[in-house]
Amino acid sequence: MTREIVIKTEHLTKRFGDFIATNAISFEVYAGEIFGFLGANGAGKTTAMKMLCGLLTPSSGSASIAGFDIYKQSEKIKKSIGYMSQKFSLYEDLTTLENISFFGGIYGLSDAQIKSKSEKLIGQLGLQNEMKKLVGELPLGWKQKLAFSVAVLHDPKIVFLDEPTGGVDPVTRRQFWDLIYDAAARGITVFVTTHYMDEAEYCDRISMMVDGVMKELDTPQNLKSKYNTTSMDDVFFELARGAKRKAD
Amino acid sequence: MKQFLSFVRKEFYHVFRDKKTLLLLFGMPIAQILLFGFALTNEIKNSNIVICDYAKDVASQELTAKIEASNYFEIEKSLPNHRQIEKAFQSGKIKLAIIFPTNFGNDLWHGGKAQVQIIADASDPNTATTLTSYATQIIRDYEMSIRKTNAHNLQISAITRMIYNPELKGTTNFVPGVMALVLMLICVLMTSASIVREKENGTMEILLVSPFSPLLAVTAKAVPYFILSLVNLTVILLLSVFLLDMPIKGSILLLFFESSILILTALSLGLLISNSTNSQQAAMLISLMGLLLPVMIFTGFMFPLENMPRPLQLFSNLVPSKWYYIIVKNVMIKGLGLRSVWKETLILMGMATFLLILSIKKFKTRLS
């Protein structure tokens, strides 16, 4: 059985002066997969993700996203992806509804689509009483869930999540992952970076970045047996121990 | 278009929910108009004056006593000769001189008509006008009081002379000046801050990842400020017409057209600044420090450009508000049409085009 490949990179490299943030990484991500992108701080995860999203131009190497070339077809890529950054990134001075219709609007959804989608989304997140509140007044957990829902509002092929659950309590993290599973079930490929090893277990496959290089890429199960351990924490320590770069 | 409209709507939300900024936006022009309009022309007390009394008769001394009794004037000294007046003015100590001719009392009592001369230092036109009118008022009062006890047709006419700046340049100049200042500052400040805010909040990344064109985003950001600036302009014009009694002699349409060019120039400048900074504070600081002083000094409404050294005069040509100021003065105060300001208009348009192209070229569609 051949699976559809939605992300394919070959020797993707980004240099900042002498510093090689991401060093010739090559990997493939399949459609509908939840792909965990792990690594210590400063290992080059965010840089790699920004290249894939079109926020940074690679120094060398190639990549295609949803079948489009990242150098030549960035406009088409933008229509097929969603992105949620490390920083919380909705407008705090807009209400929940206004944020939804703004992002729906710039992705070219029609008024009718925006209306039906925001009703569904509000119902799903249980935000009925908060839809006319300013987003700045919501608790962090709700903001993150809302940001994720907005990132997948236009049904992208792939959604990129950069440490989406940072600073969020365990219960909310669990709910957040329910949303991720839900999106994956709808066929959206999820590309997620995280520092939480329990979250790594939720992924279909994970990759480990060390010093800008991709050291491992496999299912959590296989990695654990390869390193002869029962926890992802040990796998992470084993790999990250060899890192020369200091975490920032 | 639909995308663009949702963006513009979002920008309006930002503007209207940020109450402090909104207050600044509308408070600033009103405060400026009131400050410039009234702070400078408000009561001026205890100004030093000199009196040159050739008559030395009852009438001239009564009038002198009245002048001295008022709160407005302090008589520095009495000069025996009017030739010394010039010197007194040059020392900068006195603001006004009053001269009674030799036959003052004689003319008044026998001819029924006398003259008194008032000379004012008009290098500060507002003060000069105010002091002159105080002096004239005192003379009027005296005239009234002697009419009661004497003949009803006695008349003292005050002949006013402004020296150093006979046209009183500067009195009405501040309204066009405030217009230039407010439009420049608000537009530059607001656009740069609003774009940099997206960078700070991390929403810029989200916008860059979206299929929405960054150029359209920038345009959408400019729309609310463009409209608000026109509202501001209207407020300034209304205030100056109804509060300061300063009529608009030329075409209002032309005035708005020229203002739109200045607004466009300022918006482009704001965009340019936002490209080179990453924090709102830095953007504000650059806009304020880099703009406030040059605009105040080189627009020409506070300090006359004609008196500046040549290099500074040349530099002032680079300040867009200088050209706008010339245009507005001509249109608003002198009532001239486009035909007489086409050169300045072209220069301003050139600046707008240059800055717009530069800022669009420098606008980063990717992070780096």
**Q** How about CG on B:L5, more than 12 heavy atoms from neighbouring residues, nucleotides or ligands closer than 6.0 Å, or not?
**A** yes
**Q** Where does B:E200 contact chain A at under 4.5 Å (heavy atoms): side chain, backbone, both or neither?
**A** backbone
**Q** For B:G202 and A:S85, which heavy atoms make the closest approach, and how far apart are they?
**A** O-OG, 4.3 Å
**Q** Run A:I106 and B:F7 through side-chain contact (heavy atoms from CB on, under 4.5 Å) and show every step you take.
**A** CA-CA 7 Å; A:I106 64 167; B:F7 211 112; 3.9 Å; yes
**Q** Let me know if A:L52 has heavy atoms under 4.5 Å from chain B in its side chain, its backbone, both or neither.
**A** neither
**Q** Does A:Y181 have more than 12 heavy atoms from other residues, nucleotides or ligands lying within 6.0 Å of its OH?
**A** yes
**Q** Supply the atom-to-atom distance A:L94 CG to B:H14 NE2, rounded to the nearest 0.5 angstrom.
**A** 5.5 Å
**Q** Considering non-hydrogen atoms only, spot the tightest contact between B:P211 and A:Y107 and give its length.
**A** CD-CE2, 3.0 Å
**Q** So B:I206 and A:F103, do their side chains get closer than 4.5 Å, heavy atoms only?
**A** yes
**Q** Grab the two heavy atoms, one from A:G105 and one from B:S6, that are nearest each other, plus how far apart they are.
**A** CA-OG, 3.5 Å
**Q** Would you mind reporting whether B:R9 and A:S101 have side-chain heavy atoms less than 4.5 Å apart?
**A** yes
**Q** Checking side-chain contact (heavy atoms from CB on, under 4.5 Å) for the pair B:D18/A:D93: CA distance, chi angles, key distance, verdict?
**A** CA-CA 8 Å; B:D18 190 355; A:D93 56 345; 5.8 Å; no
**Q** Please determine whether a side-chain nitrogen of the Lys or Arg among A:K50 and B:E205 lies less than 4.0 Å from a carboxylate oxygen of the Asp or Glu.
**A** yes
**Q** What's the separation between atom CZ in B:R197 and atom OH in A:Y91, rounded to the nearest 0.5 Å?
**A** 9.5 Å
**Q** Please look at A:D111 and chain B and tell me whether the side chain, the backbone, both or neither of the residue comes under 4.5 angstrom of a heavy atom of that chain.
**A** both
**Q** Measure the shortest side-chain to side-chain distance between B:R17 and A:L134 over non-hydrogen atoms and say whether it is less than 4.5 angstrom.
**A** yes
**Q** For atom CG of B:L253, decide whether the heavy atoms of other residues, nucleotides or ligands shown that lie under 6.0 angstrom number more than 12.
**A** no
**Q** Can you tell me how far the CG atom of B:L208 sits from the OH atom of A:Y83, to the nearest 0.5 Å?
**A** 10.0 Å
**Q** Picking from A:E98, A:K76, A:E92, which has the most non-hydrogen pairs under 4.5 angstrom with chain B?
**A** A:E98
